Peer 1: 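Encoded as structure tokens, here's the structure I'll be asking about.
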Amino acid sequence: PETITVQELANRMAERAGDVVKSLMKMGMMATINQTIDADTAELVVQEFGHRVRRVAESDVELGMRGEADDTADLLPRSPVVTVMGHVDHGKTSLLDAIRNADVAAGEAGGITQHIGAYQIQIPSGDKITFIDTPGHEAFTEMRARGANVTDIVILVVAADDGIMAQTVEAIRHAKAANVPVIVACNKIDKPDADPARVRQELLQHDIVVEEMGGDVQVVDVSAKTKQGIDTLLEAIMLQAEVLELKANPNRSAEGVVIEAKVERGRGSVATVLVQRGTVKVGDVFVAGAEWGRVRALVDDRGAQVDSAGPTVPVEVLGLQGTPTAGDEFVVVENEGRAREIADYRQRVIREKQATAGARGTVEQMLSAI
Ligand code: GDP
Ligand code: MG
């Protein structure tokens with residue numbers, strides 16, 4: 001049930017608790033400062049004091065702030081978002097670099113030079129693919145644990161001279177748990193002791209049946225070093241993306257996920273955000289986890305300032321009041337008051353959780369007043 005203590009209600013209105021008690025008495029209720037009252041009563045008190053009432057639903061925090069599902073009529077095709085996983089030293093970083101260099105939209109800007117946590121390339125067909133630039137299953141599971149499902153496809157990198165190793169198995173497990181399709185990149189094919197046939201056999205033991213063996217998992221032999229097979233891998237991604245029929249509504253207020261966030265000298269708090277639906281614009285007010293801000297500037301993966309960013313376009317967002325956490329939800333809201341309110345509320349919940357760490361604390365604040 002939605003309840004709040006008299007003291008907490010007073011705090012939120014910046015009124016004296018004694019005055020709240022008096023107000024309740026006038027309404028025929030005898031309550032002490034530590035007593036809880038229900039939300040309806042609290043609302044009356046708030047109005048009595050001449051404050052505006054706004055209930056912040058528990059679901060705002062538990063489930064996030066995302067709006068309702070879009071009408072299918074508003075959905076347009078979108079690019080796939082890909083995460084690279086695999087055992088240490090099997091070539092994840094090298095592969096991400098090779099793919100970055102395969103971008104055909106380099107043009108005047110000079111290609112992807114910035115490491116902002118994600119980048120989007122264009123392939124010869126004209127299609128675009130977004131890559132999360134932080135390889136590894138930790139980032140993947142951490143984001144998933146925070147409720148952020150950003151990845152459409154996992155590229156499982158397996159070194160052909162080494163085969164399936166412990167972290168390969170882990171990556172397979174994570175991809176399966178997340179129900180995200182896998183494409184195997186059999187890397188280091190340039191090495192004399194590369195044994196791609198063995199990789200396929202070993203995959204079989206982990207329920208990854210590649211197409212050549214009658215299964216539905218694509219496998220591409222690549223060399224991040226010589227760039228052999230990179231184009232084929234990118235085509236394989238687009239093939240998989242077609243099967244997934246990825247769509248998003250670009251014409252709505254933006255929602256997405258924080259891929260990474262940090263404080264930078266001279267720039268303040270900077271978050272790399274991957275927009276998942278809608279379009280974020282300079283001037284938009286947003287909430288990112290327990291932080292909020294107004295978009296002061298948007299910077300793309302080429303270091304260029306842009307006015308807006310739509311679905312699957314990664315951008316650095318400047319204008320944050322604090323630093324959010326990777327995996328936090330990014331949601332544009334209608335105004336600053338609302339943004340502050342949600343951020344305040346979430347920070348309070350975080351503080352309370354920390355305060356009651358270990359003990360079972362109940363979050364009773366479901367009503368906030370301004
Ligand atoms: P990560 O730990 O998975 O990110 O692996 P790295 O990308 O750092 O690569 C580990 C080592 O393997 C580095 O010394 C790379 O130069 C090397 N390497 C990566 N890909 C290839 C490849 O395709 N061929 C060869 N010969 N070496 C590679
Ligand atoms: Mg690496």
Side-chain angles (χ1 to χ4, degrees), residues 80-103 111-121 123 129-144 150-178 180-203 206 208 210 212 217-237 259-262 272 274 301 314 326-327:
V81 178
V82 179
T83 298
V84 173
M85 298 209 270
H87 195 70
V88 64
D89 282 344
H90 278 201
K92 298 179 293 295
T93 302
S94 306
L95 190 65
L96 279 163
D97 286 342
I99 291 167
R100 191 184 288 109
N101 290 322
D103 177 45
I112 302 150
T113 47
Q114 280 216 190
H115 283 259
I116 66 165
Y119 64 81
Q120 187 173 56
I121 63 154
I123 62 175
I129 307 174
T130 299
F131 287 87
I132 307 292
D133 207 3
T134 47
H137 57 254
E138 261 162 54
F140 183 83
T141 43
E142 171 69 15
M143 286 211 202
R144 272 229 318 141
V150 286
T151 304
D152 299 309
I153 298 166
V154 164
I155 300 296
L156 182 68
V157 182
V158 185
D161 61 339
D162 205 20
I164 308 292
M165 302 299 281
Q167 287 163 285
T168 321
V169 177
E170 259 178 61
I172 292 170
R173 207 157 36 92
H174 289 312
K176 282 196 170 154
V180 175
V182 166
I183 296 173
V184 179
C186 189
N187 192 34
K188 306 201 187 186
I189 202 76
D190 61 284
K191 285 192 138 184
D193 53 345
D195 190 352
R198 192 185 111 210
V199 170
R200 284 149 172 82
Q201 280 297 336
E202 288 177 352
L203 285 167
H206 297 279
I208 300 269
V210 301
E212 308 149 30
V217 177
Q218 299 186 81
V219 56
V220 184
D221 292 333
V222 299
S223 166
K225 190 181 173 188
T226 68
K227 313 285 188 283
Q228 181 194 332
I230 300 296
D231 289 346
T232 315
L233 178 63
L234 299 175
E235 281 162 24
I237 292 168
I259 301 292
E260 64 176 25
K262 51 184 183 277
T272 294
L274 184 66
D301 53 10

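We count ligands from 1, going down the list as the structure has it; atoms in each ligand are counted the same way. As the structure is a prediction and not an experimental result, all values here were calculated from the model.
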Peer 1: Is any protein N, O or S atom closer than 2.8 Å to the Mg ion (ligand 2), and if so, which?
Peer 2: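 Listed by chain and number, the atoms are Thr93 OG1.
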Peer 1: I want to confirm something. Looking only at heavy atoms, which of Lys227, Gln228, Lys188, Met85 is nearest to atom 28 (C) of ligand 1?
Peer 2: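 Residue with the shortest heavy-atom distance to the ligand atom: Lys188.
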Peer 1: Check Asp193 with Lys188, please: is the shortest side-chain N to carboxylate O separation under 4.0 Å?
Peer 2: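 Looking at Asp193 together with Lys188, the answer is no, because their closest N to O distance does not fall below 4.0 Å.
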Peer 1: How close do Cys186 and Asp221 get, heavy atom to heavy atom, and via which atoms?
Peer 2: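 For Cys186 and Asp221, the tightest heavy-atom pair comes out as CB-OD1, 3.2 Å.
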Peer 1: Gly91 versus ligand 1: do any nitrogen or oxygen atoms come within less than 3.5 Å of each other?
Peer 2: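 Between Gly91 and ligand 1 (N or O atoms, distance only) the closest approach is under 3.5 Å.
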Peer 1: Do the charged groups of Asp301 and Arg100 touch, with an N to O distance under 4.0 Å?
Peer 2: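 No, Asp301 and Arg100 are not salt-bridged.
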Peer 1: Hey, which atoms in ligand 1 end up nearer than 4.0 Å to a heavy atom of Asn187?
Peer 2: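 Atoms satisfying the 4.0 Å criterion: 20 (N), 21 (C), 23 (O).
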Peer 1: Just jot down the ligand 1 atoms closer than 4.0 angstrom to any heavy atom of His87, in number order.
Peer 2: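 Here the atoms of ligand 1 in question are 3 (O).
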Peer 1: Taking all heavy atoms of Pro314 and all of Thr130, pick out the closest pair and write down the distance.
Peer 2: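 Minimum heavy-atom separation between Pro314 and Thr130: CG-CG2, 4.0 Å.
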Peer 1: Which atom pair, heavy atoms only, marks the closest approach of Glu202 to His206?
Peer 2: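 It is O-CD2, 3.3 Å.
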Peer 1: Between Asp89 and ligand 1, which residue portion shows a heavy-atom distance shorter than 4.0 Å: side chain, backbone, both, or neither?
Peer 2: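 Looking at Asp89 and ligand 1, atoms from backbone and side chain both fall under 4.0 Å.
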Peer 1: A quick test of your reading: do over 12 heavy atoms of other residues, nucleotides or ligands sit less than 6.0 Å from NZ of Lys225?
Peer 2: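 No, because the 6.0 Å sphere around NZ of Lys225 holds 12 heavy atoms or fewer from other groups.
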Peer 1: Identify the heavy atoms of Ala224 and Asn187 that sit nearest to each other, and give their distance.
Peer 2: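 Looking at all heavy atoms of both residues, the closest pair is N-OD1, 3.0 Å.
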Peer 1: If the cut-off is 4.0 Å to any non-hydrogen atom of Lys191, which atoms of ligand 1 fall inside it?
Peer 2: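 This gives 26 (N) as the contact atoms.
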Peer 1: So how far is it from Ile123 CD1 to Ile129 CD1, rounded to the nearest 0.5 Å?
Peer 2: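 Separation between the atoms: 4.5 Å.
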Peer 1: At under 4.0 Å between heavy atoms, is it the side chain or the backbone of Thr93 that contacts ligand 1, or both, or neither?
Peer 2: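 Both parts.
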Peer 1: Compare every heavy atom of Ile208 with every heavy atom of Val217, then report the nearest pair and how far apart it is.
Peer 2: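 Heavy atoms only, the tightest pair is CG1-CG2, 3.8 Å.
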Peer 1: Would you name the heavy atoms of Ala185 and Val222 that are closest together and state the gap between them?
Peer 2: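 Where Ala185 meets Val222 most closely, the heavy atoms are CB-CG2, 4.1 Å.
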Peer 1: Show me the donor-acceptor pairs, under 3.5 Å and distance only, between side chains in residues 151-173 and residues at least two apart or in other chains.
Peer 2:
from   : atom 1 : to     : atom 2 : distance (Å)
Thr151 : OG1    : Thr83  : OG1    : 2.6
Asp152 : OD1    : Arg78  : NH2    : 3.0
Asp152 : OD2    : Arg78  : NH1    : 2.8
Asp152 : OD2    : Val81  : N      : 2.8
Asp161 : OD2    : Lys191 : NZ     : 3.0
Asp162 : OD2    : His90  : NE2    : 2.8
Gln167 : OE1    : His87  : ND1    : 3.1
Gln167 : OE1    : Val88  : N      : 3.4
Thr168 : OG1    : Met165 : N      : 2.9
Thr168 : OG1    : Met165 : O      : 3.2
Glu170 : OE1    : His137 : NE2    : 2.9

Peer 1: Do you see a protein non-hydrogen atom under 4.0 Å from atom 13 (C) of ligand 1?
Peer 2: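 Answer no: nothing from the protein, no heavy atom, is under 4.0 Å.
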Peer 1: May I ask you to decide if Ile116's main-chain N or O and Thr272's side chain share a donor-acceptor pair within less than 3.5 Å?
Peer 2: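 The answer is yes, because a donor-acceptor pair under 3.5 Å joins these two groups.
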Peer 1: Nearest non-hydrogen atom to atom 23 (O) of ligand 1 belongs to which of Ala224, Gly229, Ala185?
Peer 2: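 Ranked by closest heavy atom to atom 23 (O) of ligand 1, first place is Ala224.
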Peer 1: What do we get for Lys225 next to ligand 1 when only non-hydrogen atoms under 4.0 Å count, side chain, backbone, both or neither?
Peer 2: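 Near ligand 1, Lys225 shows its backbone as well as its side chain.
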Peer 1: Starting from atom 7 (O) of ligand 1, which protein heavy atom do you reach first, and at what distance in Å?
Peer 2: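 Answer, as residue, atom name and distance: Ser94 OG, 2.5 Å.
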Peer 1: Counting from 1, what ligand 1 atoms have a heavy atom of Asp190 closer than 4.0 Å?
Peer 2: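 Within the 4.0 Å cut-off of Asp190, ligand 1 contributes 22 (C), 23 (O), 24 (N), 25 (C), 26 (N).
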